[in-house]
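Written below as structure tokens is the structure these notes are about.
Note that the structure is predicted; figures quoted are calculated from it, not measured.
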Amino acid sequence: MRDQIIMAQVYIGIAKMKNKLGLQQELKIRVKESQRAVGESTVDADLPHSAPEKIKAMGKVLSIAREQLYDCKLVTGKLRAMLQRSDEQVRSLKKQSTFLSQLAAKTIPNAIHCLSMRLTIEYYLLPLEKRKFPRSENLENPNLYHYALFSDNVLAASVVVNSTIMNAKDPLKHVFHLVTDKLNFGAMNMWFLLNPPGKATINVENVDEFKWLNSSYCPVLRQLETSAMKEYYFKADNPTKSASSNLKYRNPKYLSMLNHLRFYLPQVYPKLDKILFLDDDIVVQNDLTGLWSVDLHGKVNGAVETCGESFHRFDKYLNFSNPHISRNFDPNACGWAYGMNMFDLKEWKKRDITGIYHKWQNMNEDRALWKLGTLPPGLITFYGLTHPLEKSWHVLGLGYNPSVDKKEIEHAAVIHYNGNMKPWLELAMTKYRSYWTKYIKYDHPYLRSCNLSE
């Protein structure tokens, strides 16, 4: 029936061209009837009982049309034009889909926004003496296990901390350094004052109070403040614009310094020797203390590699047509994952990693070396300075790949919802969501009042 509809549409065009208006009208009627009968059917069993009659009726009209109108060149031309239109529609719909999925992925759900607002109000009603966390003496103790977590999502941060502590053998030795923005500072503090992570130590800081993090010191901050860069981001609102860049990169999340703070770990934590960086879209499933005893062999970054035979290598992220890139990097070098990274901060300072990052970020002001995001500059900055960790430490893809092996997930120390389908969003993949929700107490009064439910 669908083949008949296609051929009828071809003949409708030819009939109009040859002024066979009666035949054209008959074909249009049959097309409408067949389209109604087919509807959304995917198998023959879904078709109505009248389908065979519709096929016969259409067949008779097509037979007449073939006798009166068939011309090989005209038919071929019409089919080619229809194919081209279909391709254009598919490309347009893909752009719209990308745009909408990006919008959905980066929009804070109302329930989480409600939670943040309630917590913020409660925090600023607290007297100053009740806003402090215990065990602050642990914050600079290099003999403990230190984590860095930069997030503006209270619920996501709570899952990272809860899952880490619930799977830790000795929670007392774990220290969490959270950094958020001024909008979520009160909420983040209040959540962990109300829900302390057991015997672990926690501290929350406001990135906007890091006075050293300014546009004269930080190239990316200077670039993000320019009108050209803001125009690049905020004119990404036309998903069908043919010349638009990849919408994956044109995302206002990159305007947040929380996203770039990972390149300034020794400046944020000058007294620490090692720190484990965690993204806020991960879940910890095993004790992570073994990572502090992994020998990085003089490297700065310990990370799980992500490349296979031909994918997730440097040429996927960097512009190798640029001589600065082609001269300095191997296109087949293996990419690695940001999201769970062990950083040796002593080695970092010795090799001036932040200086290397600044150099390349300055060179990329016109986005000629890479588009945007933090992974490409990370690959460049830590090139030759990354030690590969065992893959079971960090399993990725739960935010975009429906085929992640279940055994890999269950044996992973950390699982990562990288991609658009974050577990706190409605568009999350339900098959993976329970690994995240198991670390949320949905009977918490604030979660109930904001209609946050599993």
Side-chain angles (χ1 to χ4, degrees), residues 106-140 144 146-168 171-172 174-211 213 253 256-259 261 268-269 275 277-284 422-425 436-454:
K106 307 311 171 191
T107 301
I108 298 288
N110 284 339
I112 295 179
H113 181 69
C114 162
L115 174 65
S116 184
M117 292 301 99
R118 284 209 57 184
L119 290 166
T120 298
I121 293 166
E122 294 292 328
Y123 178 74
Y124 288 109
L125 290 174
L126 281 180
L128 290 175
E129 66 272 13
K130 291 192 176 180
R131 297 183 189 179
K132 294 179 181 178
F133 291 102
R135 294 180 286 276
S136 59
E137 68 278 4
N138 290 340
L139 294 175
E140 294 181 347
L144 300 178
H146 293 266
Y147 301 83
L149 172 61
F150 308 144
S151 177
D152 59 1
N153 186 324
V154 175
L155 199 61
S158 75
V159 169
V160 176
V161 174
N162 288 349
S163 62
T164 305
I165 291 307
M166 287 175 69
N167 290 290
L172 186 63
H174 295 258
V175 183
F176 293 89
H177 302 265
L178 271 70
V179 181
T180 189
D181 55 21
K182 61 185 175 185
L183 185 65
N184 294 282
F185 178 71
M188 199 73 77
N189 273 283
M190 193 65 195
W191 177 264
F192 288 105
L193 287 168
L194 289 171
N195 306 280
K199 295 179 179 179
T201 302
I202 196 159
N203 186 53
V204 180
E205 294 182 89
N206 178 359
V207 68
D208 299 293
E209 292 181 359
F210 295 167
K211 300 305 178 190
L213 197 63
K253 78 170 187 174
S256 169
M257 275 312 296
L258 285 176
N259 201 48
L261 196 60
V268 184
Y269 310 112
I275 198 162
F277 172 81
L278 298 176
D279 265 341
D280 67 358
D281 55 352
I282 64 104
V283 171
V284 177
K422 303 299 184 192
W424 54 84
L425 298 174
W436 188 79
T437 55
K438 68 188 284 190
Y439 293 103
I440 299 174
K441 294 180 180 176
Y442 283 101
D443 59 349
H444 191 288
Y446 279 17
L447 299 189
R448 287 204 311 270
S449 68
C450 287
N451 296 318
L452 266 159
S453 61
E454 195 170 351

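The distance between the ring centers of H146 and Y269 does not fall below 6.0 angstrom.
Between the R135 side chain and the K199 main chain, a donor and an acceptor come within less than 3.5 Å of each other. Side chain of T180 to main chain of N206: no donor-acceptor pair is present (N/O by atom type, distance under 3.5 Å, no hydrogens or angles). Here the side chain of T201 pairs no donor or acceptor atom with the backbone of V175 at under 3.5 angstrom.
Nearest heavy-atom pair across N167 and Y439 is ND2-OH, 3.2 Å. Nearest heavy atom pair, residue F192 against residue S158, reads CZ-CA, 3.8 Å. The nearest pair of heavy atoms linking L193 to K132 is CD2-O, 3.8 Å. Here the closest heavy-atom approach between residue V207 and residue D181 is recorded as CG1-CA, 4.0 Å. Minimum heavy-atom separation, A200 to F176: CB-CE1, 4.1 Å. Here the closest non-hydrogen pair linking P171 and A168 is CD-O, 3.9 Å.
Residues N451 and N110 are not in side-chain contact: their nearest non-hydrogen atoms beyond the backbone lie 4.5 Å or more apart. Residues V161 and L178 are in side-chain contact: their nearest non-hydrogen atoms beyond the backbone lie under 4.5 Å apart. You'll find the side chain of Y123 stays beyond 4.5 Å of the side chain of K130, heavy atoms only. Side-chain contact check for R448 versus D443: some heavy-atom pair is nearer than 4.5 Å. Contact annotation: the side chain of D280 approaches that of W424 to within less than 4.5 Å [non-hydrogen atoms, C-beta and beyond]. Within the 4.5 Å cutoff, the side chain of F150 has heavy atoms near those of the F277 side chain. Side-chain atoms of N189 and L126, non-hydrogen and from C-beta on, never get closer than 4.5 Å to each other.
When N153, T120, L447 are each tested for a side-chain contact (heavy atoms from CB on, under 4.5 Å) with L115, only one passes: L447.
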* Asked: Checking side chain to side chain contact (heavy atoms under 4.5 Å, CB included) for the pair F210/V179: CA distance, chi angles, key distance, verdict?
  -> CA-CA 10 Å; F210 295 167; V179 181; 4.0 Å; yes
* To do: Let me see the working for L213 and L261 under side chain to side chain contact (heavy atoms under 4.5 Å, CB included), right down to the final yes or no.
  => CA-CA 9 Å; L213 197 63; L261 196 60; 3.8 Å; yes
* Residue pair V159, I440: steps toward the side chain to side chain contact (heavy atoms under 4.5 Å, CB included) verdict -> CA-CA 7 Å; V159 169; I440 299 174; 3.6 Å; yes
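For M117, the CE atom counts as densely surrounded, since its 6.0 Å shell holds more than 12 non-hydrogen atoms of other residues, nucleotides or ligands.
Classified by interplanar angle (parallel below 30°, tilted 30° to 60°, perpendicular above 60°), the ring pair H444/Y446 is perpendicular.
Remark: R118 CZ to S449 OG distance equals 4.0 Å, nearest 0.5 Å. To the nearest 0.5 Å, atoms OH (Y147) and CD1 (I165) are separated by 6.5 Å. Between T164 atom OG1 and I282 atom CD1 the span is 5.5 Å, to the nearest 0.5 Å. From M188, atom CE reaches atom CG of L183 across 10.5 Å, with rounding to the nearest 0.5 Å. Here the CG atom belonging to L149 is positioned 11.0 Å from the NE2 atom belonging to H177, to the nearest 0.5 angstrom. Expressed to the nearest 0.5 Å, how far SG of C114 lies from CG of L119 amounts to 9.0 Å.
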